[in-house]
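Residue numbers begin at 1 in each chain, while the letters A, B, ... track the order of the sequences.
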Amino acid sequence: QQQVKQSPQSLIVQKGGISIINCAYENTAFDYFPWYQQFPGKGPALLIAIRPDVSEKKEGRFTISFNKSAKQFSLHIMDSQPGDSATYFCAACVTPAQFYFGTGTSLTVIP
Amino acid sequence: GAVVSQHPSWVICKSGTSVKIECRSLDFQATTMFWYRQFPKQSLMLMATSNEGSKATYEQGVEKDKFLINHASLTLSTLTVTSAHPEDSSFYICSAREPRLAGGDNEQFFGPGTRLTVL
């Protein structure tokens with residue numbers, strides 16, 4: 001059973017546009033929601049993370065929106081750049097237990 | 001800070017041999033380390049959780065006798081793939097957690113991964 005559902009599977013965005021990736025979960029005990037960026041042949045790197053007591057968190061061009069009642073959270077990449085082209089994973093966990101990862105979104109930003 | 005290294009980054013071996021992959025936390029002490037497996041264009045699959053000085057906890061479906069995990073110190077965990085076969089070819093990634101370093105958040109710091117190819 002997929003604990004965290006992620007969509008879309010792939011995304012193509014023009015340079016300067018907004019990239020939006022969505023995740024949904026069922027376990028209301030989850031209390032930590034990170035997003036990771038992974039380039040081919042590399043390990044995932046933390047982008048930004050949020051806890052359920054906050055509805056939005058922004059760091060630079062990256063924003064997490066969190067909807068606790070809908071059990072959904074999303075990553076917004078503003079002013080998307082070709083260098084943002086990578087695979088993005090959302091995750092969720094019940095601290096301090098294991099992470100459950102989404103299935104990943106392959107983002108391509110075209111110049 | 002919070003750097004995790006893996007060695008080797010790429011290994012090719014013959015079927016039937018054993019391969020050891022090292023995961024090190026370079027600038028912090030990791031109370032817990034995780035081992036993941038990732039197939040091309042797929043998500044990370046947790047294989048096992050290891051705590052320093054104790055036996056690893058394996059996820060359902062992961063053969064503990066095939067994937068031996070040792071977490072002998074707070075900075076080193078090893079994964080040994082015993083009697084490797086072509087179906088074991090994959091990208092193996094470790095991560096380490098040190099709650100105090102992460103400011104109390106449940107953050108994991110990932111290594112760069114090890115690509116294993118079994119011929």
- Task: Check Y36(A) against Q108(B) and note the closest heavy-atom contact, atom names and distance.
- Result: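 Between these two residues, the closest heavy atoms are OH-O, 3.7 Å.
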- Provide the closest heavy-atom pair for K42(A) versus F91(B) in the form atom of the first, atom of the second, distance.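 In this case the closest contact between K42(A) and F91(B) is O-CE2, 3.6 Å.
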Spatial distance of atom [atom1] ([X]) from atom [atom2] ([Y]) [nearest 0.5 Å]:
X: L46(B); Y: F99(A); atom1: CG; atom2: CZ; result: 11.0 Å
X: Q98(A); Y: T57(B); atom1: CD; atom2: OG1; result: 10.0 Å
X: K41(B); Y: S10(A); atom1: NZ; atom2: OG; result: 10.0 Å
X: L46(A); Y: F110(B); atom1: CG; atom2: CZ; result: 9.0 Å
X: T87(A); Y: Q42(B); atom1: OG1; atom2: CD; result: 12.0 Å

If two hydrophobic side chains count as joined below 4.5 Å and joins carry through other members, does [X] share a cluster with [Y]?
X: M45(B); Y: Y25(A); answer: no
X: Y36(B); Y: V118(B); answer: no
X: I69(B); Y: I93(B); answer: no
X: I77(A); Y: I20(A); answer: no
X: L116(B); Y: F34(B); answer: no

- Answer yes or no: are there more than 12 heavy-atom neighbours, outside I12(A) itself, under 6.0 Å from its atom CD1? no
- Message: For Q6(B), which atoms come within 4.5 Å of any heavy atom of chain A: side chain, backbone, both, or neither?
- Response: neither
- Item | Contact origin within Q9(A) toward chain B - heavy atom pairs under 4.5 Å | neither
- Message: With a 4.5 angstrom heavy-atom cut-off, is it the side chain or the backbone of F101(A) that approaches chain B, or both, or neither?
- Response: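 Both parts, heavy atoms under 4.5 Å.
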- Message: Closer than 3.5 angstrom, by distance alone: can the side chain of S43(B) be matched with the main-chain N or O of G102(A) as a donor-acceptor pair?
- Response: yes
